[in-house]
Amino acid sequence: MILRSSGEPGPRVAERRRRTRLPASVSGTGPHVVRDLAREEGAGDYAHDGEIWRFPTSTSVPKPVQRPHPPVWIAARDPASHDFAVAQGCNVTVTPLMKGDEEVVALKATFDTAAAGHPEVLRPDLMVLRHTHVHSPDEPDGWRPAAEAINRFYRTFDAWFGQRDHSAERVPAAQPGVEVRGPAGVPAGVTAQDRDDRHPGRVVERLRAYEELGVDEYSFWIDTGLPHEEKRKSLELFIKEVMPAFQ
């Protein structure tokens, strides 16, 4: 069960929070509600009468198997959302988005600070979610189509979540931006590391670095905007040539 804490809001949520002065620990109570709804005790029956939401006795279908409830993962970014997740005994998932591995290091440090602040809680797991594309080392330019697609993904993301396109009945157009391309036509945000680390052997090395950093799980973010067959080929390479190194 993966939930997104309001500690990592979109612009509209953030603006409402600024107006109402709600901290992430209060506006992020949704995960707490869902977790209690899925508890095994009481067959999952749960009513809520809180500051933000209110609903009568409800239940989860199908019934949970794990006790006391299924593992809950909260997507967190700022210190308040990390602290909230750890205090609730929930696992944490982070994403560097379009940034490099220095952002993974920074997010891990934020998680560590939250965990140290709650010694009474068993350390939760930490997962890194990031766009992933694996290609054969025999294709030296195999990184380029994925880089172009991910670049387009984030320009569309910016148009949608930045509220730059208010269309209600269509997917917003990708924003052209002023930093879409860098030197030699390489999409902005694609570093030399990104270009070089996409064949299986280098992907294994990069994930080993995450493991040594203290990351517990890795989530393959396949939504790059590439055609289905290209995504499938990338995922098959990851399954066959990357995952065995961690079994």
Side-chain angles (χ1 to χ4, degrees), residues 1-39 50-53 66 68-132 150 154 157-158 161-162 189 191 193-194 197 203-221 246:
M1 192 185 304
I2 301 179
L3 307 168
R4 183 178 181 186
S5 166
S6 291
E8 187 185 6
R12 289 183 175 177
V13 174
E15 178 60 28
R16 286 199 298 271
R17 183 188 300 162
R18 283 192 289 271
R19 291 200 301 265
T20 57
R21 299 183 183 277
L22 288 177
S25 58
V26 174
S27 58
T29 53
H32 169 77
V33 171
V34 174
R35 182 195 62 189
D36 287 346
L37 186 62
R39 283 186 183 276
E51 182 179 353
I52 309 299
W53 295 287
Q66 298 100 323
H69 55 76
V72 177
W73 293 79
I74 295 182
R77 178 164 294 278
D78 69 6
S81 54
H82 278 263
D83 187 79
F84 171 79
V86 173
Q88 299 298 318
C90 297
N91 298 321
V92 175
T93 177
V94 298
T95 176
L97 298 173
M98 75 293 290
K99 299 181 181 179
D101 285 347
E102 69 280 357
E103 181 71 0
V104 176
V105 173
L107 291 166
K108 173 60 165 53
T110 303
F111 171 80
D112 287 342
T113 298
H118 293 280
E120 76 284 359
V121 177
L122 183 66
R123 180 193 179 278
D125 285 343
L126 177 67
M127 175 194 295
V128 168
L129 162 72
R130 76 175 311 156
H131 283 105
T132 307
I150 293 171
Y154 278 110
F157 180 93
D158 181 65
F161 288 90
T191 65
Q193 181 184 44
D194 293 321
D197 284 5
V203 171
V204 169
E205 293 176 11
R206 197 166 179 183
L207 295 186
R208 284 291 185 208
Y210 288 0
E211 185 178 48
E212 293 171 4
L213 183 64
V215 172
D216 301 291
E217 298 197 29
Y218 182 79
S219 181
F220 186 114
W221 191 353
F246 298 91

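The structure displayed is predicted, hence computed values, not measured ones.
In this structure, CG in L107 is found 8.0 Å from NZ in K99, a value given to the nearest 0.5 Å. Atom OH of Y218 is separated from atom OG1 of T93 by 11.0 Å, given to the nearest 0.5 angstrom. Taken to the nearest 0.5 Å, the CG atom of D78 stands 12.0 Å off from the CZ atom of F84.
At a threshold of 4.5 Å between non-hydrogen side-chain atoms, the residues V104 and R206 do not count as touching. Using a 4.5 Å heavy-atom threshold, the side chains of H82 and I74 count as separate.
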* Asked: Stepwise, does the side-chain contact (heavy atoms from CB on, under 4.5 Å) test hold for R77 with T95?
  -> CA-CA 8 Å; R77 178 164 294 278; T95 176; 3.8 Å; yes

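For D83, the side-chain hydrogen bond (donor to acceptor under 3.5 Å, both in side chains) test picks out H118, with sequence neighbours left out. Annotation: side-chain hydrogen bond (donor to acceptor under 3.5 Å, both in side chains) contacts of D112 (sequence neighbours excluded): K108. Remark: Y210 engages D101, R130 in a side-chain hydrogen bond (donor to acceptor under 3.5 Å, both in side chains) (not counting sequence neighbours). With sequence neighbours left out, the side-chain contact (heavy atoms from CB on, under 4.5 Å) criterion links S219 to M127, L129. Listed by chain and residue number, R208, F246 satisfy the side-chain contact (heavy atoms from CB on, under 4.5 Å) test with E211 (two or more places apart in sequence, or in another chain).
With hydrogens and angles disregarded, no donor-acceptor distance shorter than 3.5 Å links the side chain of D125 to the backbone of N91.
Across T110 and P79, no two heavy atoms sit closer than the pair CG2-CA, 3.7 Å. A76 and V92 get closest at one heavy-atom pair: CB-CG1, 4.0 Å. Considering all non-hydrogen atoms of both residues, G89 and V121 come closest at CA-CG1, 3.9 Å.
A salt bridge (charged side-chain N to carboxylate O under 4.0 Å, His left out) check over residues 88-97, counting only residues at least two apart or in different chains, returns nothing.
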